[in-house]
Amino acid sequence: MHSSIASDSHLSPVDKVRHLVIYGLLTGLILICFHNGTTGSFMFDDNPSVVKNQTIHNTSLLEILKSQRDSATSARPLTNLSFAIDYKLYGLNPKPYLWTNIGIQILISWALFALLLRL
């Protein structure tokens, strides 16, 4: 039984190129839209979400993923995990957090495009 989700081997070379171009355009569009913010510092909800968020300063994965009612990242465990990884790697340098966000936005756009292709 052939599954269209398992492989893109049914695509013509032209379609594969078109898909790669669209992935590139999505990436470029996101970089254009978000690049201006990569030179700044923490702003808006970054202070409570990152700087003052004691759960990301914790080394325990369980504590990072636990939903804290008083936290700016309550009910957002993957966001908190992303902040914790950035904090472990870069401390309170805001630029890597911004680039991580851009990378996540790119991956989400690619996943959405791939999902739309399957529909």
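For the single chain, residues carry numbers from 1 onward in sequence order. Bear in mind the structure is a predicted one, so any value in this text is a computation, not a measurement.
Checking Thr79, Ile85, Leu81 one by one against Phe83, the side chain to side chain contact (heavy atoms under 4.5 Å, CB included) holds for a single residue, Thr79. With Thr73 as the fixed residue, the side chain to side chain contact (heavy atoms under 4.5 Å, CB included) test singles out one of Ile56, Leu78, Asn80: Asn80.
Under a 4.5 Å side-chain heavy-atom criterion applied to ILVMFWY residues, the cluster that includes Val21 comprises Val17, Leu25 as well.
In this structure, Ile30 CD1 and Trp110 CH2 are separated by 9.0 Å, a value rounded to the nearest 0.5 Å. Atom OG of Ser49 sits about 10.0 Å away from atom CZ of Phe42, to the nearest 0.5 Å. Note that CG of Asn53 is 11.0 Å distant from CG of Asp45, once rounded to the nearest 0.5 Å. Of the inter-residue distances, the one linking Thr27 atom OG1 with Ile32 atom CD1 reads 11.0 Å to the nearest 0.5 angstrom. Atom CZ of residue Arg118 and atom CZ of residue Phe113 lie 10.5 Å apart, to the nearest 0.5 angstrom.
The minimum heavy-atom distance linking Val50 with His57 is given by the pair O-NE2, 3.5 Å.
Proximity of Gln105 to Asn101: side-chain heavy atoms (C-beta onward) are separated by under 4.5 Å at one or more points. Taking the side chain as every heavy atom from C-beta outward, Thr55 and Ile64 never approach each other to under 4.5 Å.
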Without placing hydrogens or testing angles, list every side-chain donor-acceptor pair under 3.5 Å for residues 89-99, not counting sequence neighbours.
| residue | atom | partner | partner atom | Å |
| --- | --- | --- | --- | --- |
| Asn93 | OD1 | Lys95 | N | 3.4 |
| Tyr97 | OH | Tyr87 | N | 3.2 |
| Tyr97 | OH | Gly91 | O | 2.7 |

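By the 6.0 Å contact criterion, CG on Asn36 is open, its count of non-hydrogen atoms from other residues, nucleotides or ligands being 12 or less.
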